[in-house]
Amino acid sequence: MEIKHITHHKKDFLDLLLLADESEEMIDRYLDRGEMFALYDQGLKSICVVTREGQRLYEIKNLATYPAYQRRGYARKLIEYVERLYPAGTTLQVGTGDSPLTVPFYERCGFRYSHRIPGFFVQHYPHPIFEGGRQLIDMVYLTKDI
């Protein structure tokens with residue numbers, strides 16, 4: 001297994017990025033300013049984009065694993081890798097839909113509920129987004145101090 005820091009041609013990973021964020025327009029808002037990491041294990045398996053949002057505050061903007069390789073620990077490995085990159089006293093946050101699939105995953109990785117932005121998904125996406133049988137409406141933020 002190898003994790004590579006991707007600095008050029010980030011859009012080459014668009015198919016994978018769109019698994020975590022269905023809007024290319026939204027991805028374009030953070031992709032250039034974010035640090036991208038790709039996990040390879042006999043081929044590309046997972047991707048992560050992290051942005052700096054403030055002094056010692058970083059946000060996971062996109063974390064995606066190809067469906068055939070989900071539930072094998074690849075996304076968790078990327079989170080652990082990102083946690084080691086930043087100094088102690090840093091806060092890592094993630095904004096995600098209020099989904100029965102993603103929120104428990106982040107909680108298992110040590111993230112805790114911080115706050116929510118009501119109506120985020122219906123205001124910023126042109127069509128309804130569903131995950132785990134639930135329409136995503138609010139953006140839920142979770143944080144972890146590292």
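- For Lys10 and Asp32, the salt-bridge test fails: no basic side-chain N is under 4.0 Å from an acidic carboxylate O.
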Could you give me the CA-CA distance, side-chain angles and deciding distance for Gln135 and Ile137, then say whether side chain to side chain contact (heavy atoms under 4.5 Å, CB included) is met?
-> CA-CA 6 Å; Gln135 183 179 356; Ile137 295 173; 4.3 Å; yes
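- To the nearest 0.5 Å, atoms OH (Tyr86) and CG (Leu92) are separated by 8.0 Å.
- For the atom pair Arg29 CZ and Thr51 OG1, the distance stands at 13.5 Å (nearest 0.5 Å).
- Summarising the geometry, atom CG belonging to Leu63 is positioned 9.5 Å from atom CD1 belonging to Ile47; distances are rounded to the nearest 0.5 Å.
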Under the side chain to side chain contact (heavy atoms under 4.5 Å, CB included) criterion, do Ile6 and Phe37 qualify, and how do the steps go?
-> CA-CA 6 Å; Ile6 307 300; Phe37 306 96; over 6 Å; no
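- A donor-acceptor pair is defined here as one N or O able to donate and one able to accept, closer than 3.5 Å; no such pair exists between the side chain of Asp98 and the backbone of Val140.
- Met139 and Phe130 sit in two unconnected hydrophobic clusters of ILVMFWY residues. Membership requires side-chain heavy atoms under 4.5 Å apart, directly or through other members.
- Within the model, atoms OG1 of Thr90 and CD1 of Ile146 stand 5.0 Å from one another, a figure rounded to the nearest 0.5 Å.
- Side-chain heavy atoms closer than 4.5 Å link hydrophobic residues (I, L, V, M, F, W, Y) into clusters, and following such links, possibly through other members, connects Val50 to Ile3.
- Here Cys48 contributes atom SG and Ile60 contributes atom CD1; the two are 5.0 Å apart, rounded to the nearest 0.5 Å.
- Asn62 contributes no side-chain N or O that, together with a main-chain N or O of Ala20, makes up a donor-acceptor pair within less than 3.5 Å.
- Annotation: side chain of Leu101 is not in contact with side chain of Phe105 (no heavy-atom distance under 4.5 Å).
- Taking every heavy atom of both residues into account, Glu24 and Leu18 meet most closely at N-CD2, 3.8 Å.
- Between the side chain of Arg112 and the backbone N or O of Glu107 there is at least one donor-acceptor pair closer than 3.5 Å.
- Lys144 places a side-chain N or O within donor-acceptor distance of the main-chain N or O of Cys109, the cut-off being under 3.5 Å.
- Annotation: cation-pi geometry satisfied between Lys4 and Tyr40 (NZ/CZ under 6.0 angstrom from ring centroid, within 45° of ring axis).
- Hydrophobic clustering (ILVMFWY, side-chain heavy atoms < 4.5 Å, transitive): Val103 and Phe120 are in distinct clusters.
- Annotation: the span from Leu39 atom CG to Lys45 atom NZ amounts to 8.5 Å, rounded to 0.5 Å.
- The pair Glu35-Arg52 fails the salt-bridge criterion, with no side-chain N (NZ, NE, NH1 or NH2) lying under 4.0 Å from an Asp/Glu carboxylate O.
- Side-chain contact between Asp15 and Tyr66 is present, with at least one heavy-atom pair separated by less than 4.5 Å.
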Should Gln123 and Ile117 be marked as a side chain to side chain contact (heavy atoms under 4.5 Å, CB included) after you check the CA-CA gap, both sets of side-chain angles, and the distance that decides it?
-> CA-CA 11 Å; Gln123 293 170 10; Ile117 300 175; 5.9 Å; no
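- Lys77 places a side-chain heavy atom less than 4.5 Å from the side chain of Met1.
- Using cut-offs of 30° and 60° on the angle between ring planes, the pair Phe111 and Tyr106 is perpendicular.
- Heavy atoms only, all atoms of each residue included: Val49 and Gly34 are closest at CG1-CA, 4.0 Å.
- In this structure, Leu44 is a member of the same hydrophobic cluster as Leu19, with clusters built from ILVMFWY side-chain heavy atoms closer than 4.5 Å.
- Minimum heavy-atom separation, Ser99 to Glu131: OG-OE2, 2.7 Å.
- For Leu16 against Ala64, the heavy-atom pair with the smallest separation is O-CB, 3.3 Å.
- The aromatic rings of Tyr74 and Tyr69 lie perpendicular to each other, with more than 60° between the two planes, well past the 30° mark.
- In this structure, His127 places its NE2 atom where more than 12 heavy-atom neighbours from other residues, nucleotides or ligands lie under 6.0 Å away.
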Could you walk me through whether Ser114 and Thr143 pass the side-chain hydrogen bond (donor to acceptor under 3.5 Å, both in side chains) check?
-> CA-CA 6 Å; Ser114 171; Thr143 61; 4.8 Å; no
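- Within a 6.0 Å radius of NE2 in His5, other residues, nucleotides and ligands contribute more than 12 heavy atoms.
- Side-chain contact check for Leu57 versus Glu59: every heavy-atom pair is 4.5 Å or farther apart.
- Within the 4.5 Å cutoff, the side chain of Lys11 has heavy atoms near those of the Asp28 side chain.
- Ion pairing of Arg33 with Glu53 is present here, as a side-chain N (NZ or NE/NH1/NH2) and a carboxylate O approach within less than 4.0 Å.
- Residues Tyr125 and Ile27 do not share a hydrophobic cluster, clusters being chains of Ile/Leu/Val/Met/Phe/Trp/Tyr side chains in contact below 4.5 Å.
- Nearest heavy-atom pair, Leu136 versus Val122, reported as atom, atom and distance to 0.1 Å: O-CG1, 4.5 Å.
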Evaluate the side-chain hydrogen bond (donor to acceptor under 3.5 Å, both in side chains) criterion for residues Thr91 and Gln93: first the C-alpha distance (whole Å), next the side-chain angles of each, then the deciding distance (0.1 Å), finally the verdict.
-> CA-CA 6 Å; Thr91 298; Gln93 72 180 10; over 6 Å; no
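- Residues Phe121 and Gly97 share a closest heavy-atom pair of CE1-CA, 3.5 Å.
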